[in-house]
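To start, the structure under review is shown below, and the notes come after it.
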Amino acid sequence: MFKKILIANRGEIACRVIKTARKMGIKTVAIYSDADRNALHVKMADEAVHIGPPPANQSYIVIDKVMAAIKQTGAEAVHPGYGFLSENPKFAQALAAAGVAFIGPPVGAIEKMGDKITSKKIAQEAGVSTVPGYMGLISDGDEAVKISGQIGYPVMIKASAGGGGKGMRIAWKEDEVREGFQSSKNEAASSFGDDRIFIEKFVTQPRHIEIQVLADSHGNAVYLHERECSIQRRNQKVIEEAPSPFLDEATRKAMGEQACALAKAVGYTSAGTVEFIVDGDRNFYFLEMNTRLQVEHPVTELISGVDLVEQMIRVAAGEKLPFAQKDLKINGWAMESRLYAEDPYRGFLPSIGRLTRYRPPAEEATPTRAVRNDTGVFEGGEISMYYDPMIAKLCTWAPDRARAIDEMRLALDGFEVEGIGHNLPFLAAVMDHPKFVSGNITTAFIAEEYPEGFAGTTLPDATLIRIAAAAAAMNRVAEIRRARISGRMDNHERHVGEDWAVSLQGQTFSTHINADKAGADVTINGATLRVISDWTPGQPLARLSVDGTPLVLKVGKISGGFRIRHRGADLKVHVRTPRQAELAALMPEKLPPDTSKFLLCPMPGLVVKISVEAGETVQEGQALATVEAMKMENILRAERKGVVKAVKASPGDSLAVDQVILEFE
Amino acid sequence: MLAQTGGTSAMTDILQELDQRRQTARMGGGARRIEAQHGKGKLTARERIDLLLDEGSFEEFDMFVAHRCTDFGMEQDRPAGDGVVTGWGTVNGRMVYVFSQDFTVFGGSLSETHAQKICKIMDMAVQNGAPVIGINDSGGARIQEGVASLAGYAEVFQRNIMASGVVPQISLIMGPCAGGAVYSPAMTDFIFMVKDSSYMFVTGPDVVKTVTNEVVTAEELGGATTHTRKSSVADGAFENDVEALAEARRLIDLLPLNNRQKPPTRPFFDDVARIEESLDTLIPDNANTPYDMKELILKLADESDFFEIQAEFAKNIITGFVRLEGSTVGVVANQPMVLAGCLDIDSSRKAARFVRFCDAFEIPILTLVDVPGFLPGTAQEYGGVIKHGAKLLFAYGEATVPKVTVITRKAYGGAYDVMASKHLRGDFNYAWPTAEIAVMGAKGATEIIHRGKSADEIARLTKEYEDRFANPFVAAEKGFIDEVIMPRSTRRRVCRAFASLRGKSQQNPWKKHDNIPL
């Protein structure tokens, strides 16, 4: 076995690999750019080597620099994680030349599968079913439009070297092909240094289901069943689970066997993933093969009990797989939520900055439940603009899907992240969405269910009542403390009352509290709820029990009450005496200021292009400007028809959130 | 039996009359005007008192006082209370005096008797050592009373002056407050305003138009936004009456009742020795990158609770109250996010007034320093930054309350001296390892010391200077810094420092009063 390995990556995946290496008694070497000097993976590793400035193309993906780090530290093998150099055959070759083991597949397999066009041909030859599409390279927008017409709309435009949703666009008509082609090309060039683009048929009602394979260098290949990754936004996976609620045994077996056949056809070793698109009739088509560890691998680990990173290391060291296909069973259900530094209230645009608070729920594993959080950040750390906005992967496991979802709801409620915009509320909302709960999902789930984006959820009355009861009980603790201030008039102290009006989400509930040492009985809407909690003022997380059921709330301060965040809702909760409530009802509703006359920069980023001029009339949906952030080009579009009055920013400007880009008449 | 019945009946009648008179007084200007008041999004004088004080604690004075004016037919209309409700009550069981002008009675205008009612409770407040809360909602002077009304204002002003520094005075502007009337709140300790329904100005939009030809609305001229962002007349702006009154209660909970008492304490739910590892990474690698000083304040404070004063004005300095171990501490902190946290005219004035308030009322002061110096420029010099900057220097130097200072990063030049340095009788002067206490930035200093050397030489010497001086240890060697502390343990260190200063006693030499550069 290796004595020391280098992890040619950063963030949560580097930390993930270090954990397993440490468990196996292998020393670890981290590499880091200037932006990651204080990063978690650097702290966790036994050694760390600085490899250059923040942009990945000057540090993490510069093969020479990584090779130098290997030489300097004497690492015997390299785990590439995902992204960066993980599927770069030149890197694998360089390692081979230097006599360093690559913890991944052979160069040949990377080359064959790394190119989406070649891989499709090989898959076809190996008897794997594939999607119709144009396999050649496309030179310009006109050709893209012509080819799209031949395949038939809708089409998907993809970067040949792409992955993770980058450089990928769906087009439903000619304009979109032209525009999508150009932006895919740009993104592909900046992200992968390879701007080749291809186009294929976009399968409707599709599910994204992928098969995890594991192969050794002794000719064994097994599949560790599937992962359902249909919950995607702009082709970026958001929630994954294993197994899929959709597959039957026969389909599962067929997909698994085809995936193994493909792996064998290219002489694959190590962990790999064969991605399929599955239509409503359980027809499945080969999409691509990822010749690396997949982001969402933890769900497979949770249902299989196999440590994939460990197996990758063992395979790289020449060991045989310790199990055969018949040994691999699906045990229970696992869910994964990807925590992105993306603000759901601002169209999921990237958010950067300092994590002023970061407290994930406690990890645990028992026979009936498990919580796992793969993370690369820490409280006080910085989310920079240079890398992927994913900051953690929260996984839960339970014996069945419903309970795994329940565990995820609680885990999300208890996950504290402050300082940056993030998608926790959105993840929680999906966990409560009836369609998701039913398992009846497609890759269009987010686009269809949240067509206007995400503006928070409306909680059902039953939940509101529970929160109101909790707020009344919490407020009582706060009020009693207030009434215990020093300097009171003896014998004329304030009496804290039992009747409180709780207002939230546009409703007001009258409550009556009977408190005792252990908790409080809160009478609300004719029912009495028992509220038990050890919450004290100032605690940002309240873990309560309301009538025996757990309730986890994020609690903040607002004047006269609490800001409570729960299950994707962000509520202002006012707790008032009946007299206060009566007077508060007289207060006028104030509307937020009208900002519709401006195009504001929705995230910190760099202006790449201003597409309009002063005096120009723009149509609804017309592209106005392009802002690049987190390596993603975001096209800002007109919300309605209007005339541009003034252009306030120009290409190359680096803008802050809400900075004015355009002003309308 | 008959006599008894008759007696009961007469007594009942008398009681009923009191009840009736009270009810009439409580209706102020009548149902129609109350409705109009509500229509403007405003509460009535009594409703406001209900929200300010603990339920059922209000004791009213002078409910039946009526004006004495006999001109212009005023004798025909003598409503009970005369447009202001006065009395005392409790806020979380602690006594406060309150007056609340009633806009439904003569537009809340101030008459001789109206003023007398206010003066009465102010006198009692000073005598008995309790804060005065004034709720202003008044059209101005009672024109019909002429000079008697002006005299009334001046009587109030004189009491504001005498009460200043003796009991806290808080003004809540909840409607118009114009002309001479503005000078009473102006001399109180804190002014809160309500957005969209209150305004303060010396001369209104009509006069402004006539004299200067400026066209301006009342809101633009003297609304809550103007006074909290531009003029700094007001200390806080709130969405509506309910919120303003709730926040006034919060502020009162932070203040001592008078200048003879220590600040209040209350049970707290926080760990005195709480470690905040994230503070170790608060200071960015690059010395020119800003960070949010408020994060430090929130992580130091009990329960992350911070009551900010003048949040919207001179944001390059932060002022406000926190509690440490349940007891009030005033915080002054440079804010690197705005103008690099430099001192200038506005920030010096803002902080100086805050420091003097704290000192007057025995509130210990925590100063968090990251200051690159004073803002240069003609605007500053012509505006008198010398004298305005001196205000803050003076305020810190004369303050005798416990003073604890933490330098997080830059403390350059004269601004280092000003920000509660050891030399201004700082009790505990801590520095983080990231602190740089120096006469100026390394490059500037090197260019002066080594004038005329080549750019390469300067770069090398700058590096040398940085290594030697861009740290807290030169100052620590001289004893100007008492201790270099780990950022993560700042709360514990600061709490212990203030705890050790609970018995501090320091006197300035006798003087009639000082001559702060106003």
Side-chain angles (χ1 to χ4, degrees), chain A residues 34-35 37-39 353-359 378-382 418-419 477-497 499 534-540 556-561 574 576-590, chain B residues 38-43 47-48 50-51 54-57 90-95 195-197 238-247 249-250 253 256-257 261-270 276-282 284-285 291-292 295 298-299 301-305 326-327 488:
Chain A
D34 288 334
R37 201 170 286 278
N38 300 313
R354 184 174 149 82
L355 281 169
T356 56
R357 195 169 175 87
Y358 178 79
R359 307 273 164 108
F378 57 94
E379 185 168 296
E382 191 85 15
E418 309 292 346
V477 175
E479 289 293 346
I480 287 175
R481 190 269 293 271
R482 285 186 190 112
R484 287 176 58 199
I485 192 168
S486 66
R488 302 177 308 244
M489 293 175 84
D490 286 346
N491 309 316
H492 300 275
E493 279 97 348
R494 171 184 170 207
H495 168 73
V496 174
D499 293 304
D534 58 1
W535 182 84
T536 54
Q539 278 183 25
K557 296 178 193 70
I558 59 167
S559 183
H574 288 101
R576 299 178 169 123
T577 64
R579 177 64 173 155
Q580 287 169 343
E582 181 192 344
L583 297 177
L586 295 169
M587 293 292 99
E589 191 93 32
K590 289 193 182 174
Chain B
H38 288 163
K40 283 182 249 174
K42 304 198 294 182
L43 297 176
E47 287 166 344
R48 286 166 176 165
D50 279 355
L51 293 181
D54 296 339
E55 214 162 344
S57 75
T90 58
V91 173
N92 285 314
R94 297 161 80 227
M95 183 165 68
K195 290 178 191 166
D196 308 320
S197 58
F238 300 97
E239 287 306 318
N240 54 45
D241 286 9
V242 173
E243 192 183 305
L245 290 158
E247 293 304 295
R249 281 179 68 92
R250 236 183 108 206
D253 276 356
L257 297 179
Q261 289 190 1
K262 291 269 177 193
T265 60
R266 65 180 202 186
F268 62 100
F269 302 98
D270 206 341
E276 286 288 348
E277 285 185 33
S278 60
L279 292 181
D280 289 353
T281 55
L282 181 65
D285 290 340
Y291 60 94
D292 190 356
E295 183 181 339
L298 291 172
K299 286 181 174 174
D302 283 1
E303 302 163 19
S304 291
D305 196 9
S327 185
R488 66 171 68 189

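Below, chain A is the first sequence line, B the second, and so on; all start at residue 1.
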Segment of A/Thr356 engaging chain B (4.5 angstrom heavy-atom cut-off) | both
To the nearest 0.5 Å, atom CD of B/Glu239 lies from atom NZ of A/Lys590 at 5.0 Å
Given a strict heavy-atom distance threshold of 4.5 Å, which part of B/Leu257 is in contact with chain A: side chain, backbone, both, or neither?
-> side chain
Lys/Arg-Asp/Glu bridge criterion (N-O < 4.0 Å) met for A/Lys557, B/Glu303 | no
Flag side-chain contact, heavy atom, 4.5 Å: B/Leu43 against A/Met587 | yes
A/Arg354 versus chain B, the contacting section by heavy-atom distance below 4.5 Å = side chain
Is it the side chain or the backbone of B/Glu295 that comes within 4.5 Å of chain A heavy atoms, both, or neither?
-> side chain
Given side chains that start at C-beta, do those of A/Glu379 and B/Thr281 come closer than 4.5 Å, heavy atoms only?
-> no
Which atoms of B/Asp270 approach chain A - backbone, side chain, both or neither, heavy atom under 4.5 Å | neither
Go through the atoms of B/Asp285 and report whether side chain, backbone, both or neither lie under 4.5 Å from a heavy atom of chain A.
-> side chain
Determine, step by step, whether A/Arg494 and B/Glu55 satisfy the side-chain contact (heavy atoms from CB on, under 4.5 Å) criterion, reporting the C-alpha distance in whole Å, the side-chain angles of both residues, the deciding distance to 0.1 Å, and the verdict.
-> CA-CA 8 Å; A/Arg494 171 184 170 207; B/Glu55 214 162 344; over 6 Å; no
Which atom names give the shortest non-hydrogen contact between B/Pro264 and A/Ser486, and what distance separates them?
-> CA-OG, 3.3 Å
Report yes or no: do B/Thr90 and A/Arg488 form a side-chain donor-acceptor pair below 3.5 Å?
-> no
